[in-house]
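Below: the structure, in structure tokens.
Letters A, B, ... are given to chains in the order of the sequence lines, protein chains preceding strands, and every chain is numbered from 1.
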Amino acid sequence: MTVTATNTSGSTAPLDPAVLHEAVVDWFGEHARDLPWRRPEAGAWGVMVSEFMLQQTPVARVLPVYEQWLKRWPSPAALAVDAPGEAVRAWGRLGYPRRALRLHAAAVAIQERHAGVVPRRHEHLLALPGIGEYTAAAVASFAYGQRHAVLDTNVRRVFARAVSGTEFPPGATTAAERRIARQLLPEGDAAAARWAAATMELGALVCKASAPVCVGCPIAAACAWRLAGSPAYDGPPRRGQTYAGTDRQVRGRLLAVLRASAEPVAQAVLDGAWQEPVQRARALDGLVADGLVEPLEGGLYRLPGA
DNA sequence: AAGCCGTGGAA
DNA sequence: TTTCCAAGGCT
């Protein structure tokens, strides 16, 4: 099947996948960042840890935490025998601490189901806690060199612009996007894995969400969005996140207190983290329900133990 | 399937 | 100052 891009006049011109592949992969060869999880010594576990941390958190903030994490827990087995609360503590301020809990749970599952080895099969990866469609494809591709359509926010944006001619992709991944990704995927395993990494990097460094650097783009001449005159986004409003005053902020405050304490913390201390008592109680209940906080006897709280 | 779940740097 | 947004997953 042929991949087409919409041009200015509304007609379509065929994109030659082989030409795109070469341009993007060559660009990647020159501009790829030297990230620790891309080095061979990272292994599948290193790749997996990085993917968890990079879910909605920028590379620059992940780097130091990633290094200390792998030094402390160089294998799933090492993490699995530690308390989940230690994972939450080491997660620091990366945000969305449920990811730390899920990474710990995934390590336990890898011990139980896969003899301590990060599974190779997409199906088995997908079954692990905290691993969805994207992360399963990413680990299978980056750690094991398999052929998978890796559709993260960067790749989706690159395809939206280069192929579909729109500034931004839809709110949720669509069947149409998966079809485009599958059609553009090179045949061989190694080529597909390289392509996945290259398109992600292109989205991260050049085809950025705001202020794309089209002068540095290897496929600018073939980009449907550019050829259409870079029309402004006209789809449904992309969801903006308010944060100040939300339960999420309160949860963050409470968890910060617990992270900072090696000992269980009294209710009264947690009360100092947020003024408004109803919201504070709701947030704490939520953290307990999520397994991020463990209530003890006598009004004490701590990060979850083993 | 729309909403929830943290955090901080940059524009 | 406010807004945007960063390699998503789960319910």
Could I get a table of every N or O pair under 3.5 Å where one atom is in the protein and the other is in nucleotides 7-11 of chain B?
unit_1, atom_1, unit_2, atom_2, d
B/dT7, OP1, A/Arg259, NH2, 3.0
B/dT7, OP2, A/Tyr243, OH, 3.4
B/dT7, O3', A/Arg93, NE, 3.4
B/dT7, O2, A/Arg61, NH1, 2.6
B/dG8, OP1, A/Arg93, NE, 2.2
B/dG8, OP2, A/Arg93, NH2, 3.1

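- Atom-to-atom, CG of A/Leu205 to C1' of C/dA7 comes out at 12 Å; the value is rounded to the nearest Å.
- Note that the CD atom of A/Gln183 and the CD1 atom of A/Ile180 stand 7.0 Å from one another [nearest 0.5 Å].
- Heavy atoms of other residues, nucleotides or ligands lying less than 6.0 angstrom from CD of A/Gln275 number 12 at most.
- A continuous path of hydrophobic side-chain contacts links A/Val24 to A/Leu151 [ILVMFWY only; heavy atoms under 4.5 Å].
- Applying the 4.0 Å criterion to OP1 and OP2 of C/dA7, one finds that A/Ser50 has every side-chain N and O outside that range.
- Counting any heavy atom pair closer than 4.0 Å across all strands shown, A/Arg156 reaches no nucleic acid atom.
- Under a hydrophobic-cluster definition in which Ile, Leu, Val, Met, Phe, Trp and Tyr are linked whenever side-chain heavy atoms come within less than 4.5 Å, directly or via other members, A/Phe168 and A/Leu205 are assigned to different clusters.
- Within the 3.5 Å criterion, the main-chain N or O of A/Asp290 finds no donor-acceptor partner in the side chain of A/Arg98.
- Between A/Trp274 atom CH2 and B/dG6 atom C1' the separation is 13 Å, expressed in whole Å.
- Counting any heavy atom pair closer than 4.0 Å across all strands shown, A/Trp91 reaches no nucleic acid atom.
- Take the nearest nucleotide of DNA chain C for A/Ile131 and for A/Leu54: the residue whose nucleotide is more 5' is A/Leu54.
- Within a 6.0 Å radius of CD in A/Glu67, more than 12 heavy atoms belonging to other residues, nucleotides or ligands are found.
- Rounded to a whole Å, the CZ atom of A/Arg99 is 9 Å from the P atom of C/dG8.
- Nucleic acid contact for A/Thr135: sugar-phosphate only, since backbone atoms but no base atoms lie under 4.0 Å from a heavy atom of the residue.
- Atom pair A/Leu128:CG and C/dG8:P shows a separation of 18 Å (rounding to whole Å applied).
- Judged purely by atom type and a 3.5 angstrom limit, A/Arg194 has no side-chain atom pairing as donor or acceptor with the backbone of A/Val25.
- When heavy atoms are screened at a 4.0 angstrom cut-off, A/Thr153 is found touching the sugar-phosphate backbone but no base atom.
- B/dC5 atom C1' lies 8 Å from atom CG of A/Asp290, rounded to whole Å.
- Contacts of A/Ala209 with the nucleic acid, taken as non-hydrogen atoms under 4.0 Å apart, involve only primed sugar atoms and P, OP1 or OP2.
- B/dG8 and C/dG9 have their P atoms separated by 23 Å, given to the nearest Å.
- Residue A/Leu254 is out of contact with every strand shown, counting any heavy-atom pair closer than 4.0 Å.
- There is no path of hydrophobic side-chain contacts, each under 4.5 Å, that joins A/Phe52 to A/Leu255.
- As rounded to whole Å, 13 Å separates atom C1' of B/dC4 from atom CG of A/Leu287.
- Computed from coordinates, the A/Leu125 CG to C/dG9 P distance equals 12 Å when rounded to whole Å.
- Across the P atoms, B/dC4 and C/dA7 are found 23 Å apart, a figure rounded to whole Å.
- Taking atom CE on A/Met48 and atom C1' on C/dG8, their separation rounds to 14 Å, with Å as the unit.
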